[in-house]
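First up is the structure itself, then whatever we jot down about it.
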Amino acid sequence: MTDEHRHRPDRAAATAPRLAPLPEDGWDASTQELLAPIPRDADGHLANVFTTLVRHPGLFRHFLPFGSHLLRDGRLSDRTRELLILRTACNTRAGYEWGRHVPLARAVGVSDEEIQRIGAGPDAQGWTAADARLLRAADELHRDARLAAATWSALAADHDEAQLIEITMLVGQYHMVAFFLNSAGTRLEPGYDKETLPAPTPACEDGAEGVHGDA
């Protein structure tokens, strides 16, 4: 593995997008219908992730209900969901995902200190045992595409079967979205771009490269 790959920058935040968001004056009736249910940001615009992904309208039509269910109607607590998403954003170096979800995490009670500590991973001092298990689950799914038996058993102590399923599906969903965002070079909107990813830790770096280390 080269040094360039091991310490890769977050290029999506530094370069023009490969796929630009579809401008509103270019939306046809079908596009308007697809985007109509999505809440707009405070400035009246839709998030770039949606106006870029809608360039594939057939996929978008099926993607939106699934993603919305996990985000709005899932079985996991809001805090659990956002810890898993932010650790996944760290592992995949998805600056857009991080920037959009930091405000959501704050809104459900995750402190600024905890948000920054997410970059240090599950073994950092200060996590409760339950929070550390969640971050470790995100790391194992990222690194190994499965939860270790010990992690599954520990999570099962305070999550029911549906929630265990949702943990794996949520992390998988946000990996998929990160693949798209990082590859398309989707840019964060003004106001969200101040939320920068924590500096890569060995855990994030190894996980991002698929190395079987302490991700």
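The residues of the chain are indexed from 1 along the displayed sequence.
- The shortest side-chain heavy-atom distance between Gln173 and Phe63 falls under the 4.5 Å cut-off.
- Summarising the geometry of Leu34 relative to Pro57, their closest heavy-atom pair is CD1-CB, 3.7 Å, with the distance given to 0.1 Å.
- Proximity of a side-chain donor or acceptor of Ser183 to a complementary backbone N or O of Phe180 within less than 3.5 Å is not detected.
- Listed here is the closest heavy atom pair of Ala154 and Arg133: CB-CD, 3.1 Å.
- Rounded to the nearest 0.5 Å, atoms CG (Leu164) and CG (Leu76) are 9.0 Å apart.
- For the atom pair Leu84 CG and Ile118 CD1, the distance stands at 9.5 Å (nearest 0.5 Å).
- Side-chain N or O atoms of Tyr174 include none that pairs as donor or acceptor with a backbone N or O of Glu97 at under 3.5 Å.
- Of the possible donor and acceptor atoms, one in the side chain of Arg81 sits under 3.5 Å from a partner among the backbone N and O of Leu71.
- Proximity of a side-chain donor or acceptor of Trp98 to a complementary backbone N or O of Cys90 within less than 3.5 Å is not detected.
- Listed for the Asp144 side chain is no donor-acceptor partner under 3.5 Å among the backbone atoms of Arg146.
- A donor-acceptor pair under 3.5 Å is absent between the side-chain atoms of Glu140 and the main chain of Leu147, judged by distance alone.
- A search for side-chain hydrogen bond (donor to acceptor under 3.5 Å, both in side chains) contacts involving Glu166 returns nothing, not counting sequence neighbours.
- Taking every heavy atom of both residues into account, Pro198 and Arg93 meet most closely at O-NH2, 3.0 Å.
- For His159, there are no ring-ring contact (aromatic ring centres under 6.0 Å, His included) partners two or more places apart in sequence or in a different chain.
- Enclosure of atom CD in Glu113 by more than 12 non-hydrogen atoms of other residues, nucleotides or ligands within 6.0 angstrom is indicated.
- Gln163 places a side-chain N or O within 3.5 Å of a backbone atom of Arg75 that can act as its donor or acceptor partner.
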Yes or no on side-chain contact (heavy atoms from CB on, under 4.5 Å) for Trp27 and Thr51, after CA distance, side-chain angles and deciding distance? CA-CA 9 Å; Trp27 298 357; Thr51 53; 3.7 Å; yes
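- At a threshold of 4.0 Å, the pair Asp41-Arg100 counts as salt-bridged, since one of the basic side-chain nitrogens sits closer than that to a carboxylate oxygen.
- Residue Met169 places its CE atom among 12 or fewer non-hydrogen atoms of other residues, nucleotides or ligands, all under 6.0 Å distant.
- Atom CD1 of Ile167 is separated from atom OG1 of Thr80 by 7.0 Å, given to the nearest 0.5 angstrom.
- For the pair Glu195 (side chain) and Tyr192 (backbone), a donor-acceptor distance under 3.5 Å is absent.
- Summarising the geometry, atom CD1 belonging to Ile85 is positioned 5.0 Å from atom CG belonging to Leu170; distances are rounded to the nearest 0.5 Å.
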Could you walk me through whether Phe60 and Leu35 pass the side-chain contact (heavy atoms from CB on, under 4.5 Å) check? CA-CA 9 Å; Phe60 187 93; Leu35 294 173; 3.7 Å; yes
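- Minimum heavy-atom separation, Thr186 to Val49: CG2-N, 4.1 Å.
- Distance alone, capped at 3.5 Å, places no donor-acceptor pair between the Arg87 side chain and the Asp139 backbone.
- For the atom pair CG of Leu134 and CG of Asp158, the computed distance is 7.5 Å after rounding to the nearest 0.5 Å.
- Legend: side chain to side chain donor-acceptor pair (under 3.5 Å) pairs involving residues 54-63, not counting sequence neighbours: none detected.
- A donor atom on one side chain and an acceptor atom on the other are not found under 3.5 Å apart for Asn91 and Thr88.
- Salt-bridge check for Arg136 with Asp123: passed, with a basic side-chain N closer than 4.0 Å to an acidic carboxylate O.
- Side-chain atoms of Tyr96 and Val177, non-hydrogen and from C-beta on, never get closer than 4.5 Å to each other.
- By the 30° and 60° cut-offs, the orientation of the rings of His175 relative to Phe179 is perpendicular.
- For the pair Asn182 and Gly95, the tightest heavy-atom approach, listed with the atom from each and the gap, is OD1-N, 4.5 Å.
- Taken to the nearest 0.5 Å, the CG atom of Leu86 stands 13.0 Å off from the CZ atom of Arg117.
- Heavy atoms only, all atoms of each residue included: Asn48 and Leu188 are closest at ND2-C, 4.4 Å.
- A donor-acceptor pair under 3.5 Å links the side-chain atoms of Trp127 to the main chain of Gly121, judged by distance alone.
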